[in-house]
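Numbered from 1 within each chain, the chains take letters A, B, ... in sequence-line order. Excluded from the calculations below are hydrogen atoms, water molecules and symmetry mates; all remaining heavy atoms, backbone and side chain alike, are included.
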Protein chains: 2
Amino acid sequence: MQKFFSQMNATLITIGDEILSGNTVDTNSTFIAEQLKNIGIKTVQIFTISDEVETIKKTLKLAFEMSDLVITTGGLGPTKDDRTKTAYKEYFNDVLVLDEATFEHLKQLFIKRNREYLLEINKDQAVVLSKAYIFQNFNGTAPCQMVEENGKIAICLPGVPYEVKPFIKKQIVPFLQQKFKLPFIESRIISVVNYPESLLANDIESWELNLPKHISLSYLPVGNRVKLRLSASGDNLQDLKNDLEKQVKEVFDIIGDRVIATNEDKIEQILHDVLIKQKLTISTAESCTSGELARLITSVSGSSNYFISGIVPYQTEKKIEILGVDKNLIEKFTVVSEEVAAEMAEKCQDLFKTDIAISTTGVAGPNKGEDGNETGTVFYAIRIKDKTENFKLFLPYLDRGDFVNFVSQKIIQELVTLLVANK
Amino acid sequence: MQKFFSQMNATLITIGDEILSGNTVDTNSTFIAEQLKNIGIKTVQIFTISDEVETIKKTLKLAFEMSDLVITTGGLGPTKDDRTKTAYKEYFNDVLVLDEATFEHLKQLFIKRNREYLLEINKDQAVVLSKAYIFQNFNGTAPCQMVEENGKIAICLPGVPYEVKPFIKKQIVPFLQQKFKLPFIESRIISVVNYPESLLANDIESWELNLPKHISLSYLPVGNRVKLRLSASGDNLQDLKNDLEKQVKEVFDIIGDRVIATNEDKIEQILHDVLIKQKLTISTAESCTSGELARLITSVSGSSNYFISGIVPYQTEKKIEILGVDKNLIEKFTVVSEEVAAEMAEKCQDLFKTDIAISTTGVAGPNKGEDGNETGTVFYAIRIKDKTENFKLFLPYLDRGDFVNFVSQKIIQELVTLLVANK
């Protein structure tokens, strides 16, 4: 029989020194929390701890005090002393046994990879808790172990994100959905641009105060955009949808002129929807963003319907030779200038024959540009049909990686704003 | 007087529902942990908690039980109820006061941004703990507050990564270095390719067991590469360097033929070093990685010395028109094929006149390719001078974003392996 939870809580435990030493970003927790949220399970806390038996045991105890579901990732590698497994064994007062099915699964994996000689070293990975239910790993060696005790569940996963994702999506989430009757969760994300967060909060204050109890609101600022997330939970999905629809309409009456999307979350997905709807194609000519803009636009499934081509004419000479930018223009205004950005967009549109062309030229740093332009200076141009809009940014405090990403996000946001206004 | 720590521990607390709801990846903790590690402070635990006064207070207590330094990020936004500040106030038994210097700083910021009308709403951000030492925020509105009590330190930062990074780098790290005499930390990262982690561990086992006490080893697998990190701490920097040098030489004798770098960590930085040393230039023609390869290569400062240009001929037609790939070849073998990848690399080299050219063609998914190629199929070619090497990958289980990143990392690793072998 399914156990009913009006609100099921989860606690995540990330085990491993890679994250504590700042070497690796913890993307597993974000992914797991998001997937759990989608099926109505709320993540109340995440612990990132070192790979030590006593610490793991102590944290398992803390985690179960706040949640019915605890998911750990990491500490199962073949080179480690399997400290996570030992900690689980001691915490659950269990013994470790060789699981024949897992061993057979490993054997097949190594045969497939022509690495049978590795089997002995990895045999230990088929050793599991005697109480555990096993989910086989189709993308690596360590299986996932699930232990259920006193109505609470612990799930022990490896740490490699490429293994964690399919485990969660294909095995754990369906398992949890089948096992528990969970409340429905619906949310809507309203994207607002050119609206400082504090002013926005001020303007919608009275609406926010009147939100019904089962709907919560959060502000998520991303660059110059603020995402308002309305989240509702309850037993009737259609009711939730209607309730949210009503609130979206109400807030739209107040701030509608600054809203660029009321469904999608990511700016690249919003761009997808707008371009498909308006039947427009796009191309890019990137210097300082060096491929990030193309990557971001094409990170959406279905982008091949509108993204035609991109070029990264990094060296100034190639801007002239391949893209056809006028050499005199570069000499007159320098390569990092409004004039060159505008010409790059125009030439890009000519080259790839698209409705829209975007260009960037700037100095990502940490060194100054060849013509003495300051680090953090960016000129970009957005050409839609026969009209070019020019923009300038100055972001001296961002490091190189953040710089290209911030600029690319911002450009797509400006493009969407223009397209939505033009519609 | 400086207080001496032979080992100073830190605990980080990330406050905010954005991370617990899976909406945002926590990059702050990774950055802070790395920066602290560089000055000899060890991060022993990270808590990610919700924005509630009681939870924050409880976690501050837990954190101080394990560390002398606690850094919190988040929960200071103008739209929030300033719960972090309230929690600090209650935890430290303090009162909140308006700080005139901070208010003046805010005023100047809003004048600079032409947003003086926002001042009243944001005035609350100049309200701080009476005991706190204030670090002004040059990239946002909330200041950083530092409270010292009983020889322990709490640092309260906002949550926006673009604000956190400069705070840590330019203000907090110099402050900690000046205040405490910390041990030196030195590390070396040895990158090994084509060596399964379990086999590698087996082969270097006796060397690993004989490592001196003050040197620790960790294994960090990234795609098909394993990074061995040797980390030493002590009072004499030169001794540490010598000790590490000795160990690197010893392990090099065992696994040297699989080592591609003994200094740098990131594969794109290793590529930088190899290309600068061998005086080679590079260009890219990307289809399925759609800009990520160019972005990754140019993410290194100084990459303009060797990266000449990239092209993303996403649409098949553009591969023919702009890059000059033979139409018949595409018809015969389909666009996702070894033959087309090889021709793309050759044409890319012709177009941009570089020593090296790399090409990718494949199906990022989630849908099949236009010619029925399976999702996850990638052909790539690496052309160095007049020789092309062809490669195939099949990665059906990765999602779109992971796919382009994994493939790009893998390609750069293969390129480095080829260049190091050719030297």
Side-chain angles (χ1 to χ4, degrees), chain A residues 17-18 20-23 25-27 30 33-34 37 43-50 78-79 115 118 121-122 139 162 165-166 196-199 201-202 218-220 290-292 294-295 298-299 301 304 307-315 318 322 352 366-367 397-402 404, chain B residues 17-18 20-23 25-27 30 33-34 37 43-50 78-79 115 118 121-122 139 162 165-166 196-199 201-202 218-220 290-292 294-295 298-299 301 304 307-315 318 322 352 366-367 397-402 404:
Chain A
D17 294 327
E18 309 90 273
L20 291 174
S21 69
N23 200 290
V25 174
D26 177 20
T27 53
T30 318
E34 192 192 12
K37 189 189 67 186
T43 299
V44 292
Q45 192 149 334
I46 303 167
F47 293 88
T48 305
I49 61 173
S50 68
T79 62
R115 287 184 177 173
L118 285 177
I121 301 175
N122 285 280
N139 306 300
Y162 304 134
K165 283 187 184 177
E197 189 181 356
S198 42
L199 189 62
N202 199 51
S218 54
Y219 291 76
L220 309 163
S290 59
E292 171 67 3
R295 186 202 65 77
T298 59
S299 67
S301 172
S304 57
F307 184 76
I308 304 304
S309 267
I311 187 161
V312 186
Y314 212 55
Q315 214 183 41
K318 301 298 163 191
I322 314 285
F352 297 122
N367 304 315
Y397 54 86
L398 297 184
D399 69 23
R400 213 175 156 91
D402 289 341
V404 298
Chain B
D17 294 327
E18 307 90 275
L20 291 175
S21 69
N23 202 289
V25 174
D26 177 21
T27 53
T30 318
E34 191 192 13
K37 190 188 67 188
T43 300
V44 291
Q45 192 150 333
I46 304 167
F47 292 88
T48 306
I49 62 174
S50 68
T79 61
R115 287 185 178 172
L118 286 177
I121 300 174
N122 286 279
N139 306 299
Y162 305 134
K165 282 187 183 177
E197 189 181 355
S198 43
L199 189 63
N202 198 51
S218 54
Y219 291 76
L220 309 163
S290 59
E292 171 67 4
R295 187 203 63 80
T298 58
S299 67
S301 172
S304 56
F307 184 77
I308 304 304
S309 267
I311 187 162
V312 185
Y314 212 54
Q315 213 183 41
K318 301 299 164 192
I322 315 286
F352 298 122
N367 305 317
Y397 53 86
L398 297 184
D399 67 25
R400 215 174 156 93
D402 289 341
V404 299

For chain B, the option from A:Asp17, A:Thr48, A:Ile49, A:Val44 that forms the most heavy-atom pairs under 4.5 Å:
A:Thr48
Top contributor to chain B contacts, counting heavy-atom pairs under 4.5 Å, from A:Gly310, A:Ser299, A:Ser50, A:Ser304
A:Gly310
Look at B:Gly291, B:Ala294, B:Ser290, B:Gly401 and state which one has the largest set of heavy-atom pairs under 4.5 Å with chain A.
B:Ser290
Pick from B:Thr27, B:Asp26, B:Ile322: which one has the most heavy-atom pairs with chain A under 4.5 Å?
B:Ile322
Under 3.5 Å: donor-acceptor pair, side chain of B:Arg400, backbone of A:Thr298
yes
Does any N or O in the side chain of B:Lys318 come within less than 3.5 Å of the main-chain N or O of A:Ile308, such that one atom is a donor and the other an acceptor?
no
Could you pull out the closest heavy-atom pair between A:Pro313 and B:Ser309, with the gap in Å?
CA-OG, 3.3 Å
Kindly give the heavy-atom pair with the smallest separation between B:Ala33 and A:Leu20, and that separation in Å.
CB-O, 3.3 Å
Can you name the salt bridge (Lys or Arg N to Asp or Glu O under 4.0 Å) partners of B:Lys37, sequence neighbours left out?
none
Engaged part of B:Ser218 at the chain A interface, taking heavy atoms whose separation is under 4.5 Å:
neither
Sequence neighbours left out, what passes side chain to side chain contact (heavy atoms under 4.5 Å, CB included) with A:Asn23? Give chain and number order.
A:Ser21, B:Ile189, B:Leu220, B:Lys227, B:Arg229, B:Asp265
